[in-house]
J.: 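The structure's right below; bear with me while I get my questions together.
Naming: A, B, ... by sequence-line order, numbering from 1 per chain. All values below were derived from every heavy atom in this structure, side-chain atoms included, with hydrogens, water molecules and symmetry-related copies excluded.
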Amino acid sequence: MSEGLAGAAGDRDGAAATRAGAVRSRPLVSVAAVLAVVALWQAAGSLGWIGPALLPTPAEVLQTGRELAETGYRQVPLWEHILVSVARAGVAFLAAVLTGVPLGLVMGVSPTVAALFDPFVQFLRPLPKLALIPLVIVWFGIGEFSKFFLIYIATVLSIVVGAAGAVAAVGQERRRAAAVLGVSRYQMFRHVLLPSTLPELFTSVRLALGIGWTTLIAAEMVAATSGLGWMVVNAGAYLRTDVVMLGIVLLGLIGYGLDRAIVGLQKVMVPWTGHA
Amino acid sequence: MDGARLTAAEGIAAPASPAPPKIHLRDASKRFAGLRGGTPTLALDRVSLEVAEGELVCLLGPSGCGKSTVLNLVAGFETPSSGSVTVDGRPVGAPGPERAVVFQQPQLFPWLSVLDNITFGPRMAGVPERVYRPEAERYVRLIGLTGFERHAPYHLSGGMRQRAALARAWIGNPRVLLMDEPFAALDAQTRLTMQELLLGLRRQTGTTILFVTHDVDEALFLADRILVMGSRPGRVTAEIRVPSSDARDVDGFLDDPVLMALRRDVVRLVREEARKAHAHQPNS
Ligand SMILES: Nc1ncnc2c1ncn2[C@@H]1O[C@H](COP(=O)(O)OP(=O)(O)OP(=O)(O)O)[C@@H](O)[C@H]1O
Ligand SMILES: [Mg+2]
């Protein structure tokens with residue numbers, strides 16, 4: 001999570017050489033820290049510090065994972081729970097990016113469009129989207145569309161605001177530098193503003209992904225019959241802490257993986273991130 | 001062509017321009033609305049100046065006297081509140097490649113290679129590659145960036161970036177080149193190299209240049225003519241013709257007693273303006 005940001009800052013402060021060495025040695029520190037925590041967790045269970053019903057050990061969670069992978073949870077295979085959750089988040093999030101980025105960019109360029117949408121965006125954005133859940137269930141039931149709608153509405157607004165802000169953040173001098181090179185309005189947008197906003201767009205998309213993943217789980221907890229969020233809540237009701245733990249670990253790992261995927265995409269698509 | 005100019009080494013002369021002006025400000029004023037209803041700033045007060053074809057004029061003066069505002073009017077970034085600004089006799093319109101600008105920061109586009117930055121203007125204008133490509137290669141050679149064409153701008157030093165910005169501005173064959181403290185952010189050594197590069201390019205192209213600077217030595221080294229500006233409100237307070245020499249170089253420049261005498265005059269003028277500017281704004 002912090003690597004992309006730290007890398008950019010390192011290049012900017014001109015101490016790139018020394019920082020690069022520090023960054024390269026850091027994964028080892030991270031791996032060691034994770035191993036230590038897992039070992040402590042295992043020890044807490046094995047040595048009887050904490051009862052197994054409260055905190056199943058990593059070994060037990062791993063074992064549960066193996067069982068669920070074979071037999072499924074409540075007649076639904078584990079991979080299906082995972083896939084259902086990822087697919088829900090993925091579809092809604094993609095829709096949010098594909099609509100939110102263009103709308104935000106247009107709002108950034110056109111004051112009229114901005115004035116038109118701004119009141120609604122500003123009202124809805126700080127609203128805790130979980131407050132919408134009862135309404136959404138009344139409107140759309142507990143089918144797939146409810147989940148799609150909740151995740152979409154939770155992510156699209158911050159993407160819109162981020163994209164509009166990214167356009168506004170393009171400096172006057174850069175716009176002037178482009179203007180004296182003779183760009184048309186369209187060329188200004190396509191060849192100057194759009195690439196200028198890409199680093200910030202990635203940042204807001206990344207933040208929105210975190211929001212979307214969180215919302216997904218909340219949505220599945222109240223209105224679903226499958227998915228990782230549902231699995232965690234259901235298992236909690238039956239005191240299957242091992243399944244709860246497994247669900248939490250999987251949710252965390254998948255969230256982390258998605259975030260890394262976006263960072264990787266940014267490195268390929270926007271290698272100039274952090275270079276003004 | 002202009003004998004008086006070659007011999008006018010005494011310095012301060014009455015404003016006069018023999019050739020038809022390339023850049024012409026006539027009683028140009030610029031008033032900026034005050035922030036939150038505060039008193040408006042008169043950034044320029046009836047400024048008149050002319051820059052002849054092929055001339056390199058430096059605007060010199062204390063911070064806030066309106067040097068950038070003059071440049072912005074000529075570039076078309078701002079419109080005068082009153083008076084007129086013309087280039088080649090035509091009123092200045094929207095910014096465009098015929099009035100190229102080099103800023104203090106190079107303002108290269110980081111997502112484009114050095115070469116793509118340099119060719120940005122022609123490419124946007126739809127000039128075919130077989131036309132702009134040889135031009136670009138020529139400029140890359142002239143600015144000494146051969147071998148760096150495919151590099152990303154952020155992998156170059158500050159001086160190299162500013163050279164690329166220079167080539168990007170020059171490749172469109174601008175009628176006038178406007179430069180706003182383009183070398184101020186560079187170290188002293190690089191600045192000298194850039195100044196020599198600028199004079200070299202200008203010798204080849206004969207481009208008319210309006211150059212803003214804080215630095216008296218820079219102005220003396222580059223300029224055919226220096227316009228000293230004063231502030232509150234911004235206006236041109238003195239004009240100094242710098243004796244020309246075809247092969248100007250830094251060493252000869254420092255040894256030249258005439259230039260050094262002129263330097264004393266200019267420093268005195270600029271100090272005076274700075275002092276007056278300071279006296280007018282006791283609480284800022
Ligand atoms: N967009 C603007 N809005 C309001 N006031 C402005 C604006 N641009 C410039 N000014 C004011 O006009 C005056 C002249 O500004 P200008 O930038 O031309 O000075 P300058 O000579 O270039 O100064 P410096 O050497 O610091 O760059 C200043 O008092 C400045 O505060
Ligand atoms: Mg300025």
Side-chain angles (χ1 to χ4, degrees), chain A residues 4-17 19-20 101 105 109 163 166-167 169-203 205 265-276, chain B residues 68 71-72 74-78 92-113 116-127 132 151-158 161 164-165 167-182:
Chain A
L5 301 173
D11 289 340
R12 208 178 298 146
D13 67 24
R19 290 292 290 272
V101 168
L105 291 177
V109 180
V167 177
V170 178
Q172 179 190 57
E173 203 164 272
R174 172 167 288 171
R175 292 166 192 260
R176 286 180 167 181
V180 291
L181 294 171
V183 292
S184 65
R185 267 180 71 97
Y186 168 73
Q187 287 172 332
M188 177 70 97
F189 180 75
R190 169 66 189 80
H191 296 286
V192 181
L193 297 180
L194 188 59
S196 294
T197 56
L198 274 181
E200 262 194 73
L201 282 182
F202 264 95
T203 305
V205 162
L265 197 63
Q266 178 171 15
K267 277 196 180 129
V268 175
M269 282 183 68
V270 200
W272 66 89
T273 298
H275 299 284
Chain B
S68 295
L71 223 67
N72 292 344
V74 181
F77 300 144
E78 312 268 12
V92 161
E98 71 281 3
R99 282 164 282 123
V101 181
V102 178
F103 303 87
Q104 184 170 337
Q105 299 303 321
Q107 291 299 340
L108 299 178
F109 305 126
W111 55 89
L112 297 178
S113 69
D116 287 345
N117 264 289
I118 293 174
T119 59
F120 187 83
R123 286 190 293 116
M124 292 298 115
V127 175
Y132 70 71
H151 280 56
Y154 49 87
H155 287 146
L156 303 185
S157 71
R161 285 181 215 179
R168 182 175 70 173
W170 227 307
I171 196 173
N173 288 320
R175 293 169 189 272
V176 297
L177 181 58
L178 309 169
M179 307 181 81
D180 196 347
E181 308 198 36

J.: Measure the CG-OG1 distance between L181(A) and T119(B) for me, rounded to the nearest 0.5 Å.
T.: 10.5 Å
J.: Under 30°, 30 to 60°, or over 60°: which ring-plane class applies to H275(A) and H155(B), parallel, tilted or perpendicular?
T.: perpendicular
J.: I need the F77(B) CZ to Q172(A) CD distance, nearest 0.5 Å.
T.: 8.5 Å
J.: W111(B) versus S196(A): any side-chain heavy-atom pair under 4.5 Å?
T.: yes
J.: For each of P195(A), A179(A), A177(A), G182(A), tally heavy-atom pairs with chain B at distances under 4.5 Å, and name the one with the top tally.
T.: P195(A)
J.: Quick one: of G76(B), A75(B), P122(B), G96(B), who has the most non-hydrogen atom pairs under 4.5 Å with chain A?
T.: G96(B)
J.: Do R176(A) and N72(B) have side chains that get closer than 4.5 Å, going by heavy atoms?
T.: yes
J.: Quick check on Q105(B) against chain A: is it the side chain, the backbone, both or neither that has a heavy atom closer than 4.5 Å?
T.: both
J.: Do the non-hydrogen side-chain atoms of F120(B) and V192(A) ever get within less than 4.5 Å of each other?
T.: yes
J.: Is there a donor-acceptor pair closer than 3.5 Å between any side-chain N or O of Q187(A) and the backbone N or O of M124(B)?
T.: yes
